[in-house]
S.K.: 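Encoded as C-alpha cells, here's the structure I'll be asking about.
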There are 2 protein chains.
Amino acid sequence: MSTPPPKTDPSPPEAAGFPGPSQISYLLARAGGQVVRHLNRELQPHGLRSRHYSVLVLAAVSVGRTQRELSITLGIDPSGIVAIVDDLEREGLVRREASVGDRRTRLVVTTDAGRRRLAEAEPAARRLDETLLVALDDPEREVLRRLLLRLVVD
Amino acid sequence: MSTPPPKTDPSPPEAAGFPGPSQISYLLARAGGQVVRHLNRELQPHGLRSRHYSVLVLAAVSVGRTQRELSITLGIDPSGIVAIVDDLEREGLVRREASVGDRRTRLVVTTDAGRRRLAEAEPAARRLDETLLVALDDPEREVLRRLLLRLVVD
DNA sequence: TATTGTTATACTCTATAACTATA
DNA sequence: TATAGTTATAGAGTATAACAATA
C-alpha cells in the first residue's frame with residue numbers, strides 16, 4: 001500500500017521556491033507595488049497617475065462623490081484627495097460642485113473631457129490585468145478577484 | 001417552486017456592492033497599500049519600517065545575501081537597498097561582509113541583535129495577517145497565498 | 001462639539017542618472 | 001564592456017497637525 005503524500009503545511013515559512021517571505025501580507029504589499037509601478041508607466045502617455053486614475057474612475061461611475069467618500073473608498077488621506085482633485089481640476093477633467101444638502105461638502109464630478117480621457121486611458125489599465133496576470137488562467141483570476149474584493153471592502 | 005438564483009456574471013463591471021473599480025490590478029494596488037500602512041504602524045514600536053523588515057527577514061533566512069539579490073527579490077531599486085542596509089547597519093542589525101568570489105559584492109548578514117529584533121517584531125507582522133484576513137477562512141487564505149506567490153515570482 | 005475641506009510640513013518612497021571598483 | 005554597489009537628486013506618496021466654514 002502506498003503511503004499518502006504528507007499534508008502540505010497550511011502556512012509554511014517558505015513556499016514553492018520563492019526566496020522571500022511568503023506571508024500573505026508581504027505578498028500583497030509586493031504585488032500592490034508592482035501594480036502601481038506598471039500602472040503609472042502605462043498611464044503616463046495619458047497624463048495620469050494611478051491615484052488620479054482611481055479618482056477619475058470613481059467620480060465617473062456615480063454622478064458625483066464627495067471628497068470624503070473618495071478618501072474613504074480609496075484609502076487616501078483627505079489632504080491627498082485635495083491635491084489629486086486640484087490636479088484633475090486644473091486639467092479640466094473634473095469639476096467641484098456645491099452639494100445641495102451640506103454646504104461643507106463639495107461634489108467631485110467628471111467633465112466630458114474627463115470621460116474622454118478616461119476612455120483613452122482605460123485600455124492601458126485593462127492591458128495591465130492581462131500582462132500582470134499572465135500566470136493565472138481565467139477561473140483563477142476570478143477566484144483571486146473575489147478574494148481581494150472581500151479583503152478590500154473591510 | 002423557487003426560481004434558482006441567476007448565475008453571477010464571471011466579470012461584472014461592479015461587484016457585490018463594492019463602490020470602486022473591481023479590476024484585479026486596482027484591488028491589488030489598494031490591498032497592498034493597506035498592508036504597507038498597517039505594517040508600518042505595527043512595526044513602529046520596534047523601530048522598523050516594512051522595507052527594513054523585509055530586508056531583515058530575507059537576510060536572516062539565508063546565511064547572507066548580496067544586495068543585488070535583495071534588490072531583485074524584494075523589487076526594490078539597488079539604491080533603495082543601499083539606504084535600507086545603511087539604516088540597519090547603523091543600528092547594528094546587519095553587517096556588510098566581503099564576498100569570497102567577487103570583490104564587488106557585499107554580503108548582508110544579520111547580526112545577533114538583528115535576529116533578536118526580528119523575533120520581537122515578527123508577532124506584529126503575523127498579527128497583520130490575522131487582522132487583515134479576518135474575512136477569509138483558512139482554506140481561502142491558502143488559496144490566496146498560492147495565487148499571490150505565482151503573481152509575485154514573475 | 002464634530003465634520004468637511006483645506007493648507008502646511010516633514011518624512012518616506014520611487015525613479016533616474018552618474019560614478020567607482022571590480023569582473 | 002558589463003555588473004555591484006554607491007551617491008545624489010527630483011518627484012510622488014504618506015502622515016500629522018492645525019485651521020475655517022458649516023453641521
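Chain letters run A, B, ... following the sequence lines, proteins first and then strands; every chain starts at 1.
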S.K.: So that I can tick it off, tell me whether A:Arg115 and A:Asp112 are bridged by a salt bridge, with the cut-off set at under 4.0 angstrom between side-chain N and carboxylate O.
M.R.: yes
S.K.: Round to a whole Å and report the spacing from CZ of B:Arg65 to C1' of D:dG5.
M.R.: 18 Å
S.K.: Nearest whole Å is fine: how far is D:dA8 C1' from B:Asp86 CG?
M.R.: 13 Å
S.K.: Which of these, A:Arg49, A:Arg51, A:His52, sits in a side-chain hydrogen bond (donor to acceptor under 3.5 Å, both in side chains) with A:Asp87?
M.R.: A:His52
S.K.: Which whole-number value in Å describes the distance from A:Ile72 CD1 to C:dT3 P?
M.R.: 11 Å
S.K.: Base, sugar-phosphate, or nothing: which does B:Arg106 touch, judged by heavy atoms less than 4.0 Å apart?
M.R.: sugar-phosphate
S.K.: What is the distance, rounded to the nearest whole Å, between atom CD of B:Gln34 and atom P of D:dG13?
M.R.: 18 Å
S.K.: Assess the side chains of A:Arg96 and A:Gln67: does a donor N or O sit below 3.5 Å from an acceptor N or O?
M.R.: yes
S.K.: Name all pairs fulfilling the salt bridge (Lys or Arg N to Asp or Glu O under 4.0 Å) condition that reach into residues 100-111 of chain A, sequence neighbours left out, sorted by first residue then second.
M.R.: A:Asp102-A:Arg104
S.K.: How many Å lie between CG on B:Leu39 and C1' on C:dT12, as a whole number?
M.R.: 14 Å
S.K.: For B:Leu48 and C:dC13, what is the distance between atoms CG and P respectively, to the nearest whole Å?
M.R.: 12 Å
S.K.: May I have the distance from A:Ile81 (atom CD1) to D:dG13 (atom P), rounded to whole angstrom?
M.R.: 12 Å
S.K.: Heavy atoms only: give me the nearest B:Leu28-A:Ala31 pair and the separation to one decimal.
M.R.: CD2-CB, 4.1 Å
S.K.: What I want to find out is whether B:Glu130 reaches B:Arg127 closely enough, with some N-O distance under 4.0 Å, to be called a salt bridge.
M.R.: no
S.K.: To the nearest Å, give me how far apart CD1 (B:Ile84) and C1' (C:dC11) are.
M.R.: 15 Å
S.K.: Going 5' to 3' along nucleotides 14-23 of chain D, which nucleotides have protein heavy atoms under 4.0 Å from the base (write B), which only from the sugar-phosphate (write S), and which from neither (write -)?
M.R.: SSB----BBS
